[in-house]
Amino acid sequence: MKQSDEIWWRHGVFYQIYPRSFQDSNADGVGDIRGIIDRLPYLQALGIDAIWLSPVFPSPMADFGYDIADYTGIDPLFGMMADFDDLMSAAHASGFKVILDLVPNHTSDQHPWFVESRGSRDNARRDWYIWHEPAADGGPPNNWLSEFGGSSWTFDAATSQYYYHAFLAQQPDLNWRNPAVRHAIHDVMRFWLGKGVDGFRVDVIWHLIKDAEFRDNPPNPHFREGRPPHEKILTRYSTDQPEVHEVIAEMRRVIDEFDDRVLIGEIYLPLHRLVAYYGNDLGGAHLPFNFALLSTLWSARSIEKIIADYEAALPAGAWPNWVLGNHDRPRVASRVGPDQARVAAMLLLTLRGTPTFYYGDEIGMHQVAIAPERVRDPFEKNVPGIGVGRDGCRTPMQWDATAHGGFSRAMPWLPLPDDFVHENVVNLEADARSILSLYKALITLRRKLLPLRSGDYVPIAAQGDLLLYRRQSEGQAVVIALNLGDQPVSIASGAAGLNGDILLSTFLDREAEKVDGTLDLRGNEGVMIGV
Ligand code: NOJ
């Protein structure tokens, strides 16, 4: 039995790559697998341990790969299977783990399973998807709404029934109550695990099972105008059903057929519901993604409370995790501002639990304004004008100051912001005090210091904009002091246990300074102190 600190997905730092936007190698304006291989040295210098790739499978790209037409292939846009195999070998040779996106809740409407399913009412795959008679008035069977706008039911005139799709009409939901569907996806998992893939991030895992009776969802009494229309109803019957945990336990058993793999679940639920996804006897997801930092008010007291609530809710033996950004949410540098983005990095990389960050966050990439004619995201197209668009966080990686930021020799599928000429990897690598240098320093310290990797989290009482905590293990401890405000803060350091040596400031200019009696922080500064 491995000690917990030897388990790679507990101490490793996870990095999400959105393949369309990382590096284009064949000048078509879209990133690809060869491009990722070319950039592995950058990732090695950054110091991350595991790469999660958003989908690279054959897809009509209605939802940019989250609409899969073949679960065991590679879309030609990204390369060939040989390229993927090369990526696996090169990544493993460089010491990286590789996580793939598994999208089992829905397929593309072009997937042969769905083509067959919609072909007739009595074909063998009819029950692989969720078909329903119209309501008495001929309308949709119930009031469930698609997350991307409109009803989540689409009428199929040829067979006079509706099919269910939690997202686009081009993304019909599979029927996970059908054992044949489960077995088919288990075989997909085995296919990739057999190729050496180190695990999966499972898309919308809390959606897999729907209410057996398809009861109407209740209205959301807290709905606010300006929010996406699907929030008008709660998802009481369409997501987070009790039977989903057995489905996840089955997936976990497939994962456990192979050594040392990880199962990560994408779950947007309140913390007390989220932790159920570790499963009974922890036989569920190893890491149910914790997105609390993506939506919290960015204040010391709110974050302190989230950490406390999460730590308290974790079942015995469950390993925590924290996520700072992804391809669905506004960039952290825009959510919290460029100055606090450094504090956010120190927070993420010093909390207890596996950290995940999103490509480009390490160079402070911000949300990019997308002109109406360049909008690509179907969510924005269906629900325009209220700011739901996800293109702004999916723009090309800013590698250097050359045309298209060194991302591509052709016009990229999404624009780069004007400031890429300064804010790019080459420039920031040359700057010893850049946010990129901060990320590297944080990752290096996390690797070096056992308290950061696996120590306990101990809150220290603080006030105002100051967030204070201690990480400790086996007689070693570090204290983290984060100023969430833009004004300087001073506190007496002796009584709070903060005396010691500064190991790192988010400004990268105070290393080896002693703290003795008073700790002074500048506005927007975080420090780590060896105590
Ligand atoms: C969650 C993914 O992260 C998102 O990008 C996608 O649109 C939906 N699932 C539907 O697959």
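In listed order, ligands and their atoms are each counted from 1.
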Handout entry: Partner of W399 under ring pair (Phe, Tyr, Trp, His ring centres under 6.0 Å), chosen from F407, F22, F420
Key = F22
Problem - ligand 1 contacted by F148 (non-hydrogen, < 4.0 Å) - result: yes
Exercise for the section: Within a distance under 4.0 Å of any heavy atom of D63, pick out the atoms of ligand 1 and give their elements. Expected result: 6 (C), 7 (O), 8 (C), 10 (C), 11 (O)
Handout entry: Residues E246, R253: salt bridge by 4.0 Å N-O rule
Key = yes
Practice task
Consider ligand 1: state whether an atom of it lies below 4.0 angstrom from any non-hydrogen atom of R390.
Solution key: yes
Handout entry: Near-ring test F84/W192, centroid separation under 6.0 angstrom
Key = yes
Problem - Neighbour count above 12 (heavy atom, 6.0 Å) for K195 NZ - result: yes
Practice task
Taking only heavy atoms of E266 into account, list the atoms of ligand 1 that are under 4.0 Å away from them.
Solution key: 1 (C), 3 (O)
Problem - Heavy-atom nearest option to atom 4 (C) of ligand 1, drawn from D328, L168, V204, N105 - result: D328
Handout entry: D75 versus S59, side-chain donor and acceptor atoms under 3.5 Å
Key = no
Exercise for the section: Would you check whether H165 reaches within less than 4.0 Å of ligand 1, judged by its heavy atoms? Expected result: no
Handout entry: ligand 1 atoms in contact with H106 (distance to a heavy atom under 4.0 Å)
Key = 10 (C), 11 (O)
Exercise for the section: Please confirm whether H245 and Y277 have ring centers closer than 6.0 angstrom. Expected result: yes
Practice task
Only one of Y162, W153, Y164 passes ring pair (Phe, Tyr, Trp, His ring centres under 6.0 Å) with H132; say which it is.
Solution key: W153
Problem - R394 heavy atom under 4.0 Å from ligand 1 - result: yes
Practice task
Report, in ascending order of atom number, the atoms of ligand 1 lying under 4.0 Å from any heavy atom of D203.
Solution key: 1 (C), 2 (C), 3 (O), 9 (N), 10 (C), 11 (O)
